[in-house]
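Here is the naming used below: chain letters follow the sequence lines, and residue numbers restart at 1 for every chain.
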Amino acid sequence: MRALNQLAGIVEAEFKALIREAGVFIFVVFFPFMISLLTYGAGQALTGGAASPTQWFYQLIGFTIMMIALTMSSSSAWYFRRGMMTGRLEYILAAPISPLTAVLSSALTNTIFNIAYFIVVAAIGVIAVYGAYYLANILGVILFLALALLPVIGFNLLVGILTIFFREPEPVANLINAIVSTVSGFAYPIILLPSFLQILGLILPYSHIVDGVREILAGSFRLAQLSPHIFLLGYLILGLAVFKVGEAVYVRKSGVHW
Amino acid sequence: MSAIACEGLRKYYRVKVRRSFFNRIDSVIKALDDVSLEVEKGVVFSLVGPNGAGKTTMVKILSTLLIPDAGWARVGGYDVVKQAGRVRRIIGLVLAPDKGFYTRLTGLENLVYYGRLYGLSKGEATRKAKELLELTGLGEDGMRLFEEYSLGMRAKLSIAKALINDPEIVFLDEPTIGLDPLSARRIRNLIKDLAAGGMTVFMTSHNMWEVENLSNTVAVIKSGSIVAKGSPAELKEKLKLSYRVEVEVIAESFPDTRLPVTMGERGYPVVTVTTNRPSEDLVKVIDEMRGKGYSIGMVRVQEPSLEEVLTQVLSS
C-alpha cells in the first residue's frame, strides 16, 4: 500500500509539473508535423508530385514515435542529474522509498504523458488522411502502447544506470538517441539499412512499436504481431536486474547510501 | 537512550587534484575523522565550524545519505547503515532551504508529494500539508507556485517538508542561510517551538547569535574533528572568556583614574574593564567613581559571545 501511495504521489506530481510546461507539450506536438511536412514536401519535389498523404502519415507516425523515444531516453538519462541539481534526489534518498520505485514512477509518468501526446498528434493525422471514422483505431493504439512501451521503460533503466556511472547525461542521451533514430524505421523502412543495422533495429523495441502503431491505425494489425513484444518484455526484466546490480555497485564504489 | 549517538565516525573523500593539464594526483580530504558525540532527546543541538569542516557530511551520514568509512551512528536507536529504512521514517531533513521542490507545483502540492513519499494517502498528505502550511505561516501562499516564492517562503516550506512525516528528529543544515532578519526570526521561533514540543533538532549554522539563542548544546567541528562541546555557557566557562564591563560617568571631562576610559555614544566618558569577575569589578569601578564624587550614568555588562568562543577554539 505504501509503495502504491509513493508511486501515485510521484506520478501525480511529475505529471502536473509536466503539463504545466505548456511549451514542452506544444513543441513535441509541433515537431512531428514540422519534420513530416518537410520530408513530404521534399518527396513531392523529388518525385514530381507523386508523394501521397498516406506517405506523409507514415512519416508523421514515425516522427511521433521517434519523439517519444527521444524524450523517454533523455528523461531517463537526465533523471539522476536533474534530481541532483534540483535537490530532489537527496530528499528521495532520505525518504523511506526504494529508488527503483521512484525511477519507475517517473518513467510511468513519461509513458502516460507520451501516450497523451500521441493521441493528440495521431488524431489530427488520422482525421486529415483517413477521416474521423478511423479515430476508433487510436483506442487500439493506446492499449498497444501501454504494452509496447514497457520494454522501453526497461531499456531506459539501462540508460539511467549508464548515466550514474558516466555522470554526464548529455553524451549518453545523444548517443542512444542517434542510434535509436537511425535504426528504428521512423522515417524509412529498416530494410533499406545495411544488414547489421537492421539487426540492431530489430533488437531494439522501437521498430516494432512504430510498425505496430502504423498497422493499427491503418486497420491491418493482427494479434499474432504482438509476439515480438512479448519477447521484448525481456528488456523490462533486464532493465530491472541491471538497475538493482548497478545500484549495489554504485553504493559500494561511491559510499552514497542508496 | 539518546536521540543521536555516534562513535569513531570517519568519512574521507578521494579527489583528483589537477596540477597541470596532463598532471593530476589523487588526494584525500578528511571530511570526518573519528567523530563521536551524543545528543539527548528533545534538545536543540548545533554543529558549528568553518566551511568545509565536515558539518554537512555529518548531517548526510546521520540522515542516511552517506555511508561512513568507519565507526557507527544511531539515530532514534537505529543504525544509520543497517537500519536506514527505519531511520528514514523517523527523521525530517532540510539540506538547502530553497531546493528540493518542483518549481511548477504549488507549495501545497509539493508538500503533498513529500507526504506521499512517506507513504501517506492523498487525503492524509493533504490534511497534514495544510496543517503545516498554517504552522509555518505560509497559509494561503500554499496555493501559489513554488517558483513565485521568496527565499524566506522557500525556507519555511522546507521546514514544513521536514515535518510532513511527524519526525522525532529533524536535521536542519543552515536553515536560515540567506534569509532576511524577519524571515530568519520566524524560522528560529519555529525551531524553538519544535524543541519545546519534544522534538530533537540537529542543526548547523554559521550564525553564532542564532546558535547561541537556540541551542542547548553546541559542538565545534574543525577539519573533521570535534574540538569543543557543551552548552553555550559551558563553552564560555571552559575557555574563560572575559566579560566587558562599561560604566558611564556623568562628567564634563575624563575622570581621574588608572582604568581605561573612552568617550561614550552619549558624550560622557565610559570606563571600560575586561574581566573574568564581572560582578566584583563592576562594584569596584562604581565605588571608585562615586568615591571621587562622580555620578554614574549607564552601566553595561557584556557577556562574551559564542562567536568569540568559536574564534578562540578555531584559532587555537
Within 45° cone and under 6.0 Å: Arg144(B) NZ/CZ vs Tyr149(B) ring:
no

Between Thr64(B) (side chain) and Val80(B) (backbone), is there a donor-acceptor pair under 3.5 Å?
no

Out of Gln6(A), Met85(A), Met1(A), which one racks up the most heavy-atom pairs below 4.5 Å with chain B?
Gln6(A)

Flag for Asp33(B)-Ser223(B): side-chain donor and acceptor within less than 3.5 Å
no

Counting distance only, does the side-chain N/O of Thr204(B) pair as donor-acceptor with the main-chain N or O of Glu174(B) below 3.5 Å?
yes

Can you say whether Ile61(B) sits under 4.5 Å from chain A via the side chain, the backbone, both, or neither, judging by heavy atoms?
neither

Ranked by heavy-atom pairs below 4.5 Å to chain A, first place among Leu93(B), Val87(B), Ile91(B) goes to Leu93(B)

Taking every heavy atom of Val112(B) against every heavy atom of Ala129(B), the minimum-distance pair comes out as CG2-CB, 4.1 Å

Give a yes or no on whether the backbone of Arg89(B) and the side-chain of Asn165(B) come within a donor-acceptor separation of less than 3.5 Å.
yes

Residues in residues 98-106 of chain B that sit under 4.5 Å from chain A, counting heavy atoms only:
Lys99(B), Gly100(B), Phe101(B), Tyr102(B), Arg104(B), Leu105(B), Thr106(B)

Between the main-chain N or O of Ala13(A) and the side-chain N or O of Arg116(B), is there a donor-acceptor pair closer than 3.5 Å?
no

Within the distance-only criterion (no hydrogens, no angle test), does the side chain of Lys55(B) pair as donor or acceptor with the backbone N or O of Ile221(B) below 3.5 angstrom?
no

Can you tell me which portion of Glu90(A) sits under 4.5 Å from chain B's heavy atoms? Options are side chain, backbone, both or neither.
both

Looking at Ala125(B), Ser63(B), Ser121(B), Gly92(B), which has the largest count of heavy-atom pairs under 4.5 Å with chain A?
Ser121(B)

Name the member of Lys161(B), Lys11(B), Arg14(B) that forms the most heavy-atom pairs with chain A at distances under 4.5 Å.
Lys161(B)

Backbone N/O of Ile187(B) and side chain of Lys156(B): donor-acceptor pair under 3.5 Å
no

Of the listed residues (Ala102(A), Ala17(A), Ala3(A)), which shares the most heavy-atom pairs with chain B below a 4.5 Å separation?
Ala17(A)

